[in-house]
Every structure is written in C-alpha cells, then in structure tokens.
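Working notes for the structure below.
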Number of protein chains: 2
Amino acid sequence: MSSKIFISAREVADRAGVSRSAVSRTFTPGASVSDETRRRVLEAAEELGYHVNHLARGLMRNESGIVCLIVSDVATPYRSALLRELTLQLQNSGKVAMLINTDRSDGSVDRALRQAIRYRADASVILSGLPDKSITQLCLRNGQRLVLINRDDDQPGPLRINLDDYESAGRIATAFLRAGCRRLAFANSEAGTPSLMGRERGFVAAAASMGMDVVVERHGQTGYEAGKVLAQRMLTRSERPDAVFCATDLLACGFMDAARHQFGISIPNQLCVAGFDDIEQASWSSYELTTFAQPVASIAAKAVEWLSMTQLEDSAAEVPSIRLRAELVWRNSIRGG
Amino acid sequence: MSSKIFISAREVADRAGVSRSAVSRTFTPGASVSDETRRRVLEAAEELGYHVNHLARGLMRNESGIVCLIVSDVATPYRSALLRELTLQLQNSGKVAMLINTDRSDGSVDRALRQAIRYRADASVILSGLPDKSITQLCLRNGQRLVLINRDDDQPGPLRINLDDYESAGRIATAFLRAGCRRLAFANSEAGTPSLMGRERGFVAAAASMGMDVVVERHGQTGYEAGKVLAQRMLTRSERPDAVFCATDLLACGFMDAARHQFGISIPNQLCVAGFDDIEQASWSSYELTTFAQPVASIAAKAVEWLSMTQLEDSAAEVPSIRLRAELVWRNSIRGG
DNA sequence: GCAAGCTTTGCACACGCTTGCAAAGCGGAC
DNA sequence: GTCCGCTTTGCAAGCGTGTGCAAAGCTTGC
C-alpha cells in the first residue's frame with residue numbers, strides 16, 4: 001500500500017510530449033534545452049508534483065549532495081551553535097546535512113563514517129572524536145572529503161580547522177595580571193582534547209614566562225556540573241586563587257555559580273573569571289563572562305567553501321590547514337575592563 | 001581524480017567467487033544464503049572495504065532509511081535537546097537523520113519538505129513552523145510519513161504529538177495562589193504558536209476561575225532578550241506583579257535576570273517565577289527555576305516508534321494523535337515548595 | 001536408486017536518473 | 001540550392017542495487 005506513487009521523469013515527459021532526456025535536462029543546470037521545451041516540462045512537472053529523485057541522481061553522478069555532520073553532545077550550547085551555522089551554510093550552497101550522533105565510546109566515529117560511506121556522502125565534517133586512521137583512508141579513497149574541526153590530527157588529506165587556543169590562553173593570562181591577580185588557576189575537564197590541552201598549556205606557559213605558578217585542576221566532562229566541582233576543589237584550598245581561566249564557558253558558568261552561591265565570593269572583586277567559546281549564556285546578566293568567541297560563522301564558512309571547491313589542488317602533499325583567531329569578548333568577570 | 005573508486009557488489013562477488021546476488025543477499029537481513037557463502041562474501045567485502053550503496057538500495061526498495069528533521073533555531077536549548085533525542089533514537093532504530101534548517105520565512109517549511117521528497121525520505125518530523133496543506137498532501141501521497149511535534153494542526157494523516165499545555169498552566173496558577181501570590185502575570189512571546197497560546201489561555205482561565213486577573217504581555221521571539229524586555233515592561237507598572245509565569249524557560253531566565261539585576265527584586269521572596277521546558281539552565285544555581293519538563297525522550301520515542309511501525313493502520317480516518325504530560329519540576333523560584 | 005521437499009544459487013529485469021553520441025532542425029552566407 | 005555551424009533532441013547505455021523465478025543441489029525417507 002505504501003510506495004510506487006512516485007512520479008518519474010517518464011510520466012512528466014509523456015504529459016509534456018517530449019523525451020525523457022528533455023525532462024532530465026530541464027532539471028540539470030547548464031544543460032541544453034530550448035525555452036519552449038523547458039516551459040512545457042516545468043508546467044507538466046508542477047501539475048504532477050514531480051521532484052527529481054536525488055537517490056537516482058546521486059547514483060548516476062556519484063555525488064549525492066549529502067554532507068555528514070558527525071558530532072556528540074549536540075545539545076550543548078557551543079556544539080549546537082556550530083551545528084546551526086554549518087547546516088545553514090551547507091543549505092545555502094546546495095548541499096544537505098546528514099546528522100550523526102556519536103557517543104564517547106570507541107569506534108563511535110568510525111561507525112558514523114561507515115554510515116557516511118553507505119550514503120555516499122560527498123563529505124563528512126567531524127566535530128567530536130577522532131576517526132581511526134584506516135577509516136580516514138577508506139573515506140578519502142572513496143572520494144569523500146573530510147573536515148576536522150578543532151580536532152588536532154596530523155593525517156594528511158582532511159581539511160583541518162583550528163583556533164589559536166595556545167595564544168589566546170596567553171592573552172588572558174596577561175589580562176589577569178593587569179587586573180592585579182596573583183594566584184592563577186586553570187579549570188579543565190578530563191576530556192583531554194587537543195584544544196582544551198592547548199588552552200591549558202598556553203595559559204601555564206604564559207604565566208610561567210611572567211614568573212607565576214598556575215594551579216591546574218581537571219575533572220569530569222566539559223559541563224556545568226564539572227565546573228561546580230572544580231570550584232569546590234579550588235576554593236577550599238588554603239591559598240584560594242584570585243583568577244581562574246576555565247577551559248570552557250560551561251565550566252565557567254558552573255564555577256561562577258558555585259563561587260557565588262556556595263562560597264559567597266564576589267566576582268570580579270574577589271575573583272576574576274574567564275572562559276572560552278562565548279556561548280549565549282556567557283552574555284547573560286548572571287554571568288557577564290569575559291571569554292573568547294569561537295568564530296563559528298567563519299569556521300562553517302571555511303568548511304563549506306572548501307567543500308564547494310570543484311577542483312581540489314592535487315599538489316598532493318598540500319595539506320590544507322586553517323587557523324582562526326578567537327576574539328576576546330570583554331565583559332564584566334575581570335576587573336578593569 | 002574524484003570518483004569511481006567505489007567498490008561495488010560486482011567486485012566483491014568476483015573476489016569471493018560467487019554471484020552478485022549472493023553478495024546482495026548477504027547484506028539483506030533475512031535473505032537465503034548458506035553460511036559458507038556468507039562467510040566468503042563478508043571476508044571479501046572486508047578486504048575490499050565494500051559498503052552497500054544505500055542510494056541504490058533506496059532506489060530499488062523505494063525506502064531510503066532517511067528521516068528529515070525540519071527545525072528552526074537549532075541552537076536553542078530546548079530544540080537541541082529534542083534534536084539530540086530524535087537523532088539518537090532514530091539511529092538506534094536503523095534510520096538516519098537529515099537535518100533541514102528553516103527560518104521564520106513563509107514557505108521555508110515547504111521548501112524543506114520538497115527537499116525531503118527529493119531524497120525520498122521515509123518520513124519527516126516537523127519541530128518548527130507548519131507546512132502548507134498542499135505540501136502535506138504531496139508528502140503523504142509520496143508515501144512519506146509525517147510527524148508534527150507541538151504544532152497543532154487538524155490535517156489528517158500526520159502523527160501529532162502534543163503536550164497538555166493548557167492543563168499544566170492551570171496547575172501552576174494553583175501553585176502561585178498557594179504561595180500567597182495575588183497579582184499574576186503571564187510573559188509570552190509574539191510567536192503565537194498553539195503551544196504558547198495554550199499555556200497563556202490555560203493560565204488566564206485557571207486564574208479567572210479563582211477570581212483573579214492576569215496581566216499578559218507579549219514581546220519578540222521566544223528568547224532571553226525578550227524575557228528582559230518583558231520584565232522591564234511589567235516591573236515598572238504601578239501594580240507590580242508578584243508572580244509571573246513565563247511561556248518558556250528562556251523567557252524566564254531573561255525575566256529573572258532583569259528582575260534581580262536591574263530592579264533588585266528578590267526571587268522568590270518578592271516575586272515568584274515559573275517557566276516551561278526545563279532546559280538545562282533552569283537547574284543552574286543562578287536560576288533554580290520551577291518549570292514544566294518537556295518529556296523530550298518520550299516525545300522522540302513515540303515518534304520513532306510510530307515511524308518504525310511496518311503496517312500503518314489503514315483504518316483511514318484513524319487520525320493518530322498523542323498527548324503527553326509535562327511534569328512539574330519543583331525548584332526554588334516559587335515560595336514554599 | 002528414486003521421488004519429494006527444502007535450501008541455495010544464478011539469471012535477468014527493474015528502479016529513476018544522467019550523458020555521450022549522432023541525428024535532426026534551423027539560420028545564414030555564398 | 002548547398003554547405004556550414006550551431007542548437008536542440010532522442011536514443012541507449014549505464015550507475016549499484018533487490019528480488020521473482022527457475023534451475024540446481026542437498027537431505028530425507030522409502
């Protein structure tokens with residue numbers, strides 16, 4: 001009872017009194033059809049409710065128009081913001097996004113990429129996790145383009161888009177010093193991804209170069225609750241820090257909430273806080289968090305632009321890699337803006 | 001340089017020394033293949049890195065395995081949470097999600113559905129906006145199943161999943177009264193969707209039945225900033241409300257922030273607040289918002305379950321419609337929990 | 001050894017589309 | 001009228017699958 005109610009080019013052709021090729025060409029940009037034929041085809045198509053079958057088209061052209069977005073924790077503010085930009089810009093460039101959710105389990109990303117291969121996706125964008133090298137190769141061999149966002153990896157082939165985590169972290173250290181802070185701390189998660197570790201190392205290094213130590217704590221995954229726990233650990237130390245850089249805005253929100261509501265600490269008077277990502281909540285009055293903005297729009301733009309390049313530079317060893325700058329958004333969680 | 005590097009069943013068959021049908025059957029659950037043949041096929045497939053081409057399979061079976069999720073404002077907490085549940089549960093039931101972003105413009109949803117038809121999606125789930133009746137019919141005629149989440153609409157055919165917005169709103173009115181509040185207010189957006197309006201009407205009606213008036217204000221879209229604006233309007237009235245029900249948690253967050261930081265109002269002592277959705281931020285210490293939880297997991301489960309039904313009850317006029325209950329999550333923004 | 005029944009296998013067609021190729025149509029220059 | 005060049009059109013060959021059908025193979029019971 002279900003199917004076979006699809007209208008095919010054959011029926012449109014019959015109704016319009018032209019050949020089936022004419023129909024096909026009408027819907028193929030740049031193909032050679034006379035105005036009169038096109039008009040009749042479009043009219044017939046409209047009447048019948050015809051829509052080109054992209055499965056069949058993809059089969060012929062070896063090009064499905066599908067781009068896989070591989071991501072875990074979609075419901076997280078930063079992730080969902082990036083997702084939004086990517087889907088929007090992909091749509092604008094005539095592609096369509098297939099969303100595959102991964103968990104933290106091993107092989108989760110690999111399974112996602114296999115799915116991408118099955119649907120003959122033109123490309124996959126990986127926002128979380130890292131694929132096994134063999135799978136990466138399999139994808140590339142299948143003519144699938146790969147984009148890694150904020151995943152540091154040295155495999156050649158995929159486009160890599162990264163931020164200047166290390167340098168940014170250095171800038172915030174300077175800002176803390178200028179605000180008169182002397183006991184610096186860094187709050188991190190245990191996820192250990194390259195971007196998070198980059199921020200940590202950059203912060204510690206910059207502080208060291210100014211002759212200061214940094215208390216580093218890591219806990220849990222990168223979320224609000226982890227931030228609270230980190231605050232509890234750090235703010236009960238005998239030498240309480242007077243400035244903390246949180247690897248993530250979510251951590252920072254948790255940290256601030258614990259600091260204020262459990263310890264009665266005033267921010268930024270007694271404690272300066274900075275974060276990273278510039279999620280929407282960072283601008284809410286309860287936080288007014290000074291943070292680094294992920295340039296999500298630019299990230300998406302760069303990715304889509306690369307995916308839309310028809311001719312890939314075959315200068316083989318040409319490993320594409322893009323580095324974007326995270327802008328510091330100055331708010332009110334550090335003294336003396 | 002690009003394509004034609006795909007491995008097809010043909011090559012696997014040759015390598016395994018069997019017919020192409022044998023390969024096809026090996027990857028078709030429930031088909032008849034001897035263990036020995038299956039083993040050899042799987043081995044050859046593994047060596048060659050073969051993956052069934054789902055475009056071709058979809059073409060044959062008239063069943064792509066694709067489910068379109070049509071949604072605007074993906075980056076919003078409630079939306080992204082629902083999205084997360086849907087993609088996860090779809091994956092678990094062997095489907096794959098295609099994400100289409102709509103804006104508020106007219107025809108945006110229709111365009112999305114046309115895209116769904118082109119990819120011969122098995123189904124579409126609509127989280128935002130409403131399609132034109134003619135497009136709905138077109139989808140149904142194409143054997144595509146439709147799910148409308150929190151969109152009230154009386155077209156027969158699509159599965160409709162809704163909450164008990166009206167009744168929930170009534171319950172919160174009672175809670176406000178019990179907390180001793182006497183000057184009730186309702187903060188809404190101008191979006192005017194049935195669920196938002198249902199909450200408004202339910203609240204006003206319940207208050208009226210207890211002999212109380214409700215000050216209603218509507219502004220902007222359903223976001224944090226709108227909540228702040230609404231607070232500014234309502235809290236500068238001569239008769240300042242002592243309880244406000246916000247149509248959405250995001251509105252509530254904005255409202256609370258403005259109330260506290262701009263007006264120095266203490267919550268819940270001077271003002272009781274309630275929201276709807278139970279987004280993650282509602283549980284943050286800065287808000288501790290009493291709110292109704294959208295049963296996102298159940299919503300997704302119901303949708304996926306219906307989509308997985310092989311036989312649709314053909315008792316034609318059988319219009320499927322599901323009503324779920326939003327549970328009240330009691331926190332600290334109303335006196336006397 | 002043979003018939004019957006069941007499982008496994010291969011053939012060939014269909015799905016809806018694109019596109020190279022050659023034929024057809026058209027207009028203009030001579 | 002003829003020839004040339006250009007645009008438009010139709011034919012037909014694929015793209016990688018699934019599956020009905022009939023043949024083949026195997027097992028069992030006599």
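The basis for the numbers below is simple: all heavy atoms, side chains too, and nothing from hydrogens, waters or symmetry mates. Note on naming: letters A, B, ... go to the chains in the order of the sequence lines (proteins, then strands), and numbering restarts at 1 for each one.
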* Asked: Where each residue is assigned the nucleotide of DNA chain C containing its nearest heavy atom, which of H54(A) and D35(B) is assigned the position nearer the 5′ end?
  ->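 Looking at the nearest nucleotide for each, D35(B) comes out on the 5' side.
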Enumerate the ring pair (Phe, Tyr, Trp, His ring centres under 6.0 Å) contacts for [range], please, sequence neighbours excluded, ordered by first and then second residue.
range: residues 84-106 of chain B; value: none
range: residues 8-29 of chain B; value: F27(B)-Y50(B)
range: residues 95-131 of chain A; value: Y119(A)-H54(B)

How long is the line joining [atom1] of [X] and [atom2] of [N], in whole Å?
X: N142(A); N: dG16(D); atom1: CG; atom2: P; answer: 12 Å
X: E36(A); N: dC26(C); atom1: CD; atom2: P; answer: 13 Å
X: I117(A); N: dT17(D); atom1: CD1; atom2: P; answer: 13 Å
X: N53(B); N: dC15(D); atom1: CG; atom2: C1'; answer: 9 Å
X: N62(A); N: dT17(D); atom1: CG; atom2: C1'; answer: 14 Å
X: R61(A); N: dG16(D); atom1: CZ; atom2: P; answer: 16 Å
X: E63(A); N: dC17(C); atom1: CD; atom2: C1'; answer: 14 Å
X: Y50(B); N: dG16(D); atom1: OH; atom2: P; answer: 10 Å

* Contacts of E305(A) that satisfy salt bridge (charged side-chain N to carboxylate O under 4.0 Å, His left out) - sequence neighbours left out ->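 Counting only residues at least two positions away or on another chain, E305(A) forms no salt bridge (charged side-chain N to carboxylate O under 4.0 Å, His left out).
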* **By salt bridge (charged side-chain N to carboxylate O under 4.0 Å, His left out) - contacts of E43(B) (at least two apart)** =>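 For E43(B), the residues satisfying salt bridge (charged side-chain N to carboxylate O under 4.0 Å, His left out) (neighbours in sequence not counted) are R39(B).
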Among [options], which nucleotide has an atom closest to any side-chain atom of [X]?
X: S8(A); options: dG16(C), dT19(D), dT17(D); answer: dG16(C)
X: S34(B); options: dT8(C), dT19(C), dT17(D); answer: dT8(C)
X: L59(A); options: dT9(D), dG16(C), dG18(D); answer: dG16(C)
X: S32(B); options: dT7(C), dG18(D), dC17(C); answer: dT7(C)

* Not counting sequence neighbours, which residues clear side chain to side chain donor-acceptor pair (under 3.5 Å) with R114(A)? List them please. =>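 Partners of R114(A) by the side chain to side chain donor-acceptor pair (under 3.5 Å) criterion come out as none, since no residue qualifies.
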* How many angstroms lie between CZ in R151(A) and OG in S195(A), if you round to the nearest 0.5 Å? ->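 So the gap between those two atoms works out to 6.0 Å.
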Give every donor-acceptor pair under 3.5 Å between a side-chain atom in residues 129-136 of chain A and any protein atom, sequence neighbours left out.
unit_1: D132(A); atom_1: OD2; unit_2: S134(A); atom_2: N; d: 3.1
unit_1: D132(A); atom_1: OD2; unit_2: S134(A); atom_2: OG; d: 2.7
unit_1: T136(A); atom_1: OG1; unit_2: D132(A); atom_2: O; d: 3.1
unit_1: T136(A); atom_1: OG1; unit_2: Q155(A); atom_2: OE1; d: 3.1

* Degree of bending, the helix from dG1(C)-dC30(D) to dC30(C)-dG1(D) (end axes from five pairs; round to 10°) ->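 Overall, the helix from dG1(C)-dC30(D) to dC30(C)-dG1(D) bends by 40° from one end axis to the other.
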* With sequence neighbours excluded, give me every side-chain hydrogen bond (donor to acceptor under 3.5 Å, both in side chains) pair touching residues 79-98 of chain A. =>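 For residues 79-98 of chain A: R79(A)-S128(A), E85(A)-Q89(A), T87(A)-N101(B).
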* **Sequence neighbours excluded - side-chain hydrogen bond (donor to acceptor under 3.5 Å, both in side chains) pairs with any residue from residues 25-35 of chain B** =>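 Found S34(B)-T37(B).
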* **Other residues, nucleotides, ligands: >12 heavy atoms within 6.0 Å of E46(A) CD** =>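 No, because the 6.0 Å sphere around CD of E46(A) holds 12 heavy atoms or fewer from other groups.
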* Asked: Reckon Y119(B) has a side-chain N or O less than 4.0 Å from the OP1 or OP2 of dG16(C)?
  ->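 Y119(B) to dG16(C) OP1/OP2: no side-chain N or O under 4.0 Å.
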Review item, nucleotides 10-13 of chain D N/O atoms under 3.5 Å of protein N/O:
unit_1: dG10(D); atom_1: OP2; unit_2: S19(A); atom_2: N; d: 3.0
unit_1: dG10(D); atom_1: OP2; unit_2: S19(A); atom_2: OG; d: 2.9
unit_1: dG10(D); atom_1: N7; unit_2: R25(A); atom_2: NH2; d: 2.8
unit_1: dG10(D); atom_1: O6; unit_2: R25(A); atom_2: NH2; d: 2.8
unit_1: dC11(D); atom_1: N4; unit_2: S21(A); atom_2: OG; d: 3.1

* Look at all strands and tell whether S24(B) reaches a base, only sugar-phosphate, or nothing, counting heavy atoms closer than 4.0 Å. =>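 Since a base atom lies under 4.0 Å of S24(B), the category is base.
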* With a 4.0 Å cut-off on heavy atoms, is V33(B) in touch with a base, just the backbone sugar-phosphate, or nothing at all? ->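 If one applies the 4.0 Å heavy-atom cut-off, V33(B) turns out to touch the sugar-phosphate alone, with no base involved.
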* Determine the sole option in I161(A), I322(A), V125(A) for which the side-chain contact (heavy atoms from CB on, under 4.5 Å) test with I299(A) is passed. =>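 Among the candidates, only I161(A) passes.
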* Nucleic acid contacts of residues 40-47 of chain B, taken as heavy-atom distances under 4.0 Å to DNA chain D ->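 Going residue by residue through residues 40-47 of chain B, none turns out to have a heavy atom under 4.0 Å of DNA chain D.
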